[in-house]
Enquirer: 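First the structure, which I've put down as structure tokens, then a few questions once you've had a look.
Proteins come first, then strands; the chains are lettered A, B, ... in the order of their sequence lines, and each starts at number 1.
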Amino acid sequence: MTSESKLLTMREAIARHVPSGSMVLLGTQLEQMIPFAAGHELIRQGRRDLTLVGPISDILFDQMVGAGCVARVMAAWVGNVSAGVGYCFRRAVEHGIPRRIETVDYSNFTMALALHAAALGVPFMPTYATLGSDLLKKNGNLREFSSPVSEEKLVAVRALRPDVAILHVQRADAQGNAHLWGSLGVAVDGARAARKLIIVAEEIVEPGVIASDPNRTLVPGFLVTAVVHEPWGAHPSPVQGYYGRDHEFFAQYHDQTRRLEDFEEWLAHWILQAPDRRTYVNLLGAARTEGLGVKQHALSAAVDFGY
Amino acid sequence: MTSESKLLTMREAIARHVPSGSMVLLGTQLEQMIPFAAGHELIRQGRRDLTLVGPISDILFDQMVGAGCVARVMAAWVGNVSAGVGYCFRRAVEHGIPRRIETVDYSNFTMALALHAAALGVPFMPTYATLGSDLLKKNGNLREFSSPVSEEKLVAVRALRPDVAILHVQRADAQGNAHLWGSLGVAVDGARAARKLIIVAEEIVEPGVIASDPNRTLVPGFLVTAVVHEPWGAHPSPVQGYYGRDHEFFAQYHDQTRRLEDFEEWLAHWILQAPDRRTYVNLLGAARTEGLGVKQHALSAAVDFGY
Amino acid sequence: MAAHSEPELATRGYTFSELMVAAAAREIADGELVFVGMRLPMLAFLVARRTHAPGAIGLFENGIIRETPSTELLYTMGDPPNLRGATQCGQMLDVMGLLQQGRVDVGFLGAAEVDRFGNLNTTWGRRNKEVQRLPGSGGACDIACLARRTVVLLVHDRSRLCDRVGHITSPGYGSGNSWRRAQGLPVASGPSAVITTLGVLRFGHDGEAFLASVHPGISVEEVLANTGWTLRVADELIETLPPSDAELSVMREIDPNHFWTR
Amino acid sequence: MAAHSEPELATRGYTFSELMVAAAAREIADGELVFVGMRLPMLAFLVARRTHAPGAIGLFENGIIRETPSTELLYTMGDPPNLRGATQCGQMLDVMGLLQQGRVDVGFLGAAEVDRFGNLNTTWGRRNKEVQRLPGSGGACDIACLARRTVVLLVHDRSRLCDRVGHITSPGYGSGNSWRRAQGLPVASGPSAVITTLGVLRFGHDGEAFLASVHPGISVEEVLANTGWTLRVADELIETLPPSDAELSVMREIDPNHFWTR
């Protein structure tokens, strides 16, 4: 039985498994369940030269770029989904503040296919997407080729195998068997594409809860490197069944990061001076977290695995 | 609102949507939920020149070949999973009885990839599987090529787009939104690969039951052509949560189909003289169906889609 | 899209954003599969469903498919109301697979720049002489490549409707004529309309845009003066039909504070 | 595998099938990922888990992954007890993806024919002079191509251990030496053992099989006489270790009526 616990604190998980220079996959569920707590810990531990990978990350990549952790961004979209551009990302790309970064532009679909290829263990996936675009011309991981079975042009999307994927989920057991529901995005492929996998969960549950519904299990626990129990770890992004999206937080971030000095203040207040997620949640205050909580539950119909 | 019912009887669904000459995908969930009732109706309606597609089908392909419905079999494995060979398949391939059939041999993985390519809308999928095998040499839908992104040989598995897929599931609503659980096999890709999709369900439920858990929905209802309510429609294969595998039935089929005359008797008794599934279930008898029923239920833990 | 807002509302009874939403809604036929997007296209999709296209189906890049849209105002496609009661919450590849199969009828896109051949740029902006880094493609390039029709919405302005975009994030008709075929893009695909704050552009067989309709109260000259190339004008130029009461009432029910339709 | 059964049980206390299961179980190391299959390999997996490899994990082609095996006798991998309480019930591509990533340590296969280079045939049989159509590959070809090690179980018989198989359903070492590399197969892959009713064959660096151990009471001559080519014999030939009491008790608990181990 491989039943030893993989539970670590966020601090331990990041310290042990995400060194500077790593290629890190974040934001696999798009606008939901973005692992902000993990990103903040990477900032606090002063990681440098990271390659960030993900389709979009809402404002997480912007924060990490602004904090100087990042050498390269491989993504389809970097900004603030409900408010517009990401000012830290712009400052880095346009002016090299706080440092120059390299950008490798994907579309959502080609990012999904890059992770899918790695999850399936093949060097590439074929697609018609990006034909005719400047993404194809400028991204060296997209390459035009002739279909071996038809007279067609196709794009080969090279497999991307991140050093570590960090996924926020609703619930997991201590061995890493996890239930993720609602917004799946590229989570299933992302979890299998990476060399290491850190699961951040709103709740830690008994193994029997996960095993009661093995169709919903994200990946078998033996693929999981570490499990972190971090309630509110995805705020300000939503977690279906746990809390809503804090739209105002995104709007405030937009306003408070337009100028570099303001961003530095924001960074100090919300990340550098908050040693852990508990402190961050206290900064939010009870009124705010209550407002984001679930007002009406909507439980799924059961299925029967009996015989 | 696309809310008109797609409910048909099995007879109507087969009559309208599966003409002779069709390429039909069956057995996507491997040893579970094989759509035997649909196969039997195809036999009763005298379909000819079908191309059967599927990874394995336990004894269903053998029956349809024996009944003379089939011109071609594209599969990874044709036989009787718990008892050994399929005698009708052997008679057809070795002696042209009741007619010659063409066989196109896949492996399980390459069959899955052929359907995956069609589901993703690309002409092929790359793999290392079948390199060095005679499957690669003899199956024209497998072609060796050079990777466009690395110095490697790969096999291109050509997309297979069946005319119709028939999938047995546990429950569906009248619009075709379906919940399938337990053994998934190649069902998700198969359902999306085919031009038409017939869902055969143990139970028809209110739309709200399916919508309560949209992560479990097999395909959106608008991809479904027809829905058939057919309890026991997968017997003798098992349906998780509904009934077990009738091992004895498979053993009896093995014994009673070794000789051509015996197969013809078997065919008359279980299919030709049983005009519908209700009659077939009556032939099984209450003791047998009770014996196969669920003895101990095992309900999945709920998830919350609330906010 | 604030330029024309408040005065318009007073004199005409609707804003130009509302006119754009109504025009966009009419690009959706009943029963069609629609890659929806957020903001104005989302409103357009809701208007279409509640008026002439009750069977239109919405697809979202995060894997969500909805036959009955959420009635709440969404800020992102991942907002919890968009998941509960969805027809399916699948993986991104599930919806992108439908797109690549050619099953998606129409996709809505925004853009920083669009050019005479309908190519879109959402990667690099220009303001004065400085280059600005914009968020990038997201799913826009995929939709522009693979949807049967693409509809673009943007503010009409010389700097944004330019002769040739600086960067093709999402391909339109490239340099015109058979360019899309030569690239290997699907036969049935490409931009079908550009809906701006001044009018609606469509595309000729040669892939070049022409002015198909002008919004009420806007002159052709005004459109041409605000377009960065010599825009062709349709022989049978029409005036854009204003939003109907039914269309407006849906928009205002969903967005009572004009959050999206300022 | 009925040839040696009942008398063996009486004189030795175990059947040759039970010996094969024990030998197969020892091919599994603790913590390994195992493509299990049914019948004898399934029993071998259960024996390994209950004795020396408690952390071995089972994978099945229908998408099922189990860290704790079902304790009921299974006729197929899709039997309901194999799903309930599984670690994951995914799609076939999920487990095949793990296999193609090189994460699966060992796969068990049966065969109608195996040849001197470990190539397997499960597509076309030969009986007397007639050709017989067999069920085909299933997942065997995939496992033979992609698993880090493959272990084959079959009855030892001249017609089944033949010089060259008539059809390579599942590639072993082809024609030997660097053949697998030349085909493009993964570096770390290929057959590691053929466990028969008479002994265990392993493979040299040149890809050719040799007799590594003989079962108790079997002579080398008997093995050679029942092999369809001139089988090499290991310099340090050993006798196959008989099944231990612990191994036998697991087999008989799961299969008390010798359904699989006749």
Side-chain angles (χ1 to χ4, degrees), chain B residues 29-33 55-56 58 75-82 84-86 89-90 92-94 103 105-110 112-113 116 127-135 137-138 144 152-155 181-189 237-241 244-245 247 250 294 298, chain D residues 38-39 60-64 74-86 89-96 99-100 119 121-125 130-146 165-172 174 179-180 182-186 189:
Chain B
Q29 295 107 294
L30 283 81
E31 291 92 346
Q32 278 228 9
M33 295 178 261
I56 72 165
D58 219 322
W77 197 95
V78 182
N80 183 323
V81 174
S82 51
V85 301
F89 181 60
R90 280 194 50 191
V93 176
E94 297 169 18
T103 55
D105 289 337
Y106 285 81
S107 65
N108 275 339
F109 190 13
T110 50
L113 290 171
H116 192 53
T127 181
Y128 301 105
T130 72
L131 282 168
S133 75
D134 284 350
L135 276 65
K137 286 192 189 139
K138 294 183 182 169
E144 196 178 307
E152 293 177 290
K153 289 183 187 178
L154 287 166
V155 172
W181 64 89
S183 182
L184 303 181
V186 301
V188 175
D189 284 320
S237 69
V239 177
Q240 197 81 24
R245 188 173 188 271
H247 305 302
F250 286 92
V294 174
Chain D
M38 285 295 113
R39 307 175 188 230
F60 302 86
E61 293 150 65
N62 53 359
I64 292 166
L74 302 176
Y75 288 71
T76 82
M77 63 183 76
D79 286 4
N82 204 35
L83 279 64
R84 176 165 154 193
C89 294
Q91 301 181 42
M92 186 193 283
L93 284 185
D94 293 328
V95 292
M96 290 298 184
L99 180 67
Q100 194 163 235
N119 304 300
N121 177 9
T122 52
T123 306
W124 294 103
E130 286 200 16
V131 166
Q132 291 186 317
R133 171 66 208 210
L134 304 175
S137 162
C141 177
D142 308 314
I143 294 166
C145 286
L146 302 171
V165 291
H167 180 276
I168 300 184
T169 308
S170 304
W179 183 90
R180 283 183 75 90
Q183 304 304 308
L185 290 165
S189 68

Enquirer: Report the distance from atom CG of L30(B) to atom CG of N108(B), rounding to the nearest 0.5 Å.
Expert: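 L30(B) atom CG to N108(B) atom CG measures 6.0 Å (nearest 0.5 Å).
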Enquirer: Would you mind telling me which of P81(D), S170(D), G139(D) has the largest number of heavy-atom pairs within less than 4.5 Å of chain B?
Expert: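 Most heavy-atom pairs within the cutoff with chain B belong to G139(D).
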Enquirer: What is the distance from atom CG of L146(D) to atom OG1 of T130(B), rounded to the nearest 0.5 Å?
Expert: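 OG1 of T130(B) is found 9.0 Å from CG of L146(D).
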Enquirer: Please rank M38(D), R133(D), Q132(D), Q183(D) by heavy-atom pairs under 4.5 Å with chain B and give me the top one.
Expert: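 The candidate making the most pairs under 4.5 Å is R133(D).
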Enquirer: Flag the one option from F250(B), Y128(B), W181(B) with the top tally of heavy-atom pairs under 4.5 Å to chain D.
Expert: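 Among F250(B), Y128(B), W181(B), the one with the most close pairs to chain D is Y128(B).
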Enquirer: Which one, A86(D), S137(D), A140(D), G184(D), leads in non-hydrogen pairs under 4.5 Å with chain B?
Expert: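 Option with the top pair count is S137(D).
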Enquirer: Nearest 0.5 Å please: distance from the CG atom of D134(B) over to the CH2 atom of W124(D).
Expert: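 Answer for the CG-CH2 pair, D134(B) versus W124(D), is 12.0 Å.
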Enquirer: Could you tell me which portion of E152(B) (side chain, backbone, both or neither) has an atom closer than 4.5 angstrom to a non-hydrogen atom of chain D?
Expert: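 Interface part for E152(B): neither.
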Enquirer: Given that the side chain runs from C-beta out, which part of A182(D) has a heavy atom under 4.5 Å from chain B: side chain, backbone, both or neither?
Expert: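 Just the backbone, heavy atoms under 4.5 Å.
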Enquirer: With a 4.5 angstrom heavy-atom cut-off, could you sort out which part of K137(B) is near chain D: side chain, backbone, both or neither?
Expert: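 For K137(B), no heavy atom lies under 4.5 Å from chain D.
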Enquirer: Among D189(B), V186(B), V188(B), which residue satisfies the side-chain contact (heavy atoms from CB on, under 4.5 Å) criterion with H116(B)?
Expert: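 Of the listed residues D189(B), V186(B), V188(B), the side-chain contact (heavy atoms from CB on, under 4.5 Å) partner of H116(B) is D189(B).
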Enquirer: Under a 4.5 Å cutoff for heavy-atom pairs, which residue among G174(D), P186(D), C141(D), G63(D) has the most contacts with chain B?
Expert: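 Most heavy-atom pairs under 4.5 Å with chain B: C141(D).
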Enquirer: Pick whichever of G84(B), S237(B), G185(B) has the most heavy-atom pairs under 4.5 Å with chain D.
Expert: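 Looking at each of G84(B), S237(B), G185(B) in turn, G185(B) comes out on top.
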Enquirer: Apply the side-chain contact (heavy atoms from CB on, under 4.5 Å) test between P135(D) and each candidate in N80(B), V81(B), V85(B), V78(B); give the one that qualifies.
Expert: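 Of the listed options, the one satisfying the test is V85(B).
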Enquirer: First locate atom CE of M92(D), then atom CZ of F60(D), and finally report the distance between them rounded to the nearest 0.5 Å.
Expert: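 Nearest 0.5 Å value for the CE-CZ distance: 14.0 Å.
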Enquirer: Go through the structure and list residues passing salt bridge (charged side-chain N to carboxylate O under 4.0 Å, His left out) with D58(B), not counting sequence neighbours.
Expert: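 D58(B): salt bridge (charged side-chain N to carboxylate O under 4.0 Å, His left out) contacts with R245(B).
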Enquirer: Please classify the contact between T123(D) and chain B as side chain, backbone, both or neither, with a heavy-atom cut-off of under 4.5 Å.
Expert: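 Just the side chain, heavy atoms under 4.5 Å.
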Enquirer: If you count heavy-atom pairs under 4.5 Å between each of R84(D), M77(D), E61(D) and chain B, which one has the most?
Expert: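 Winner by heavy-atom pair count: R84(D).
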Enquirer: Y75(D): which residues meet the ring-ring contact (aromatic ring centres under 6.0 Å, His included) condition with it, sequence neighbours left out?
Expert: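 If we apply the ring-ring contact (aromatic ring centres under 6.0 Å, His included) test to Y75(D), skipping adjacent residues, the hits are H247(B), F259(D).
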Enquirer: For the atom pair CG (L134(D)) and CZ (R90(B)), what is the distance rounded to the nearest 0.5 Å?
Expert: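 It is 7.5 Å, given to the nearest 0.5 Å.
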Enquirer: I'd like to verify something: which residue of G138(D), C89(D), C145(D) has the highest number of heavy-atom pairs under 4.5 Å with chain B?
Expert: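 Maximum pair count with chain B is reached by G138(D).
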Enquirer: With a 4.5 angstrom heavy-atom cut-off, is it the side chain or the backbone of L184(B) that approaches chain D, or both, or neither?
Expert: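 For L184(B), backbone and side chain are both near chain D.
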Enquirer: Measure R39(D) against the heavy atoms of chain B and call it side chain, backbone, both or neither at under 4.5 Å.
Expert: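 Just the side chain, heavy atoms under 4.5 Å.
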